[in-house]
Amino acid sequence: MTSGAVQLQQLNSVPLAVIRRHASPSELSRIVPECCGLVWKAVRAQHAQAGRHVAIIGMAAFGLR
C-alpha cells in the first residue's frame with residue numbers, strides 16, 4: 001500500500017442520511033450493505049440527489065481504541 005499526502009479541505013456541506021445500528025464485528029459484513037440499501041431506497045423515494053455512502057464504525061463499542 002502506498003501512503004498518500006493528507007490534505008485538510010473546507011467543503012460546502014452536504015446532507016447526510018444516518019442509520020444508527022449496534023452490531024457485533026461478525027455482523028458488519030451483513031449490516032453495512034443492508035443499511036446502505038435502506039439509505040438508497042429512501043433517497044430514491046424522496047427523489048433527492050445523492051452521491052456517496054459513508055459507513056462510520058465506532059470501534060469503542062468493540063472495546064478497541
### Query
Going by an N to O cut-off under 4.0 Å, is there a salt bridge joining Arg21 and Glu34?
yes

### Query
Under 6.0 Å from the CZ atom of Arg20, do we count more than 12 heavy atoms belonging to anything else shown?
no

### Summary
Tightest non-hydrogen contact, residues Ser26 and Ser29, listed as O-OG, 4.1 Å

### Query
Are Leu38 and Val43 grouped together when hydrophobic residues (ILVMFWY) are joined by side-chain heavy atoms under 4.5 angstrom apart?
yes

### Non-hydrogen atoms of Arg30 and Pro33 that approach each other most closely
O-CD, 3.4 Å

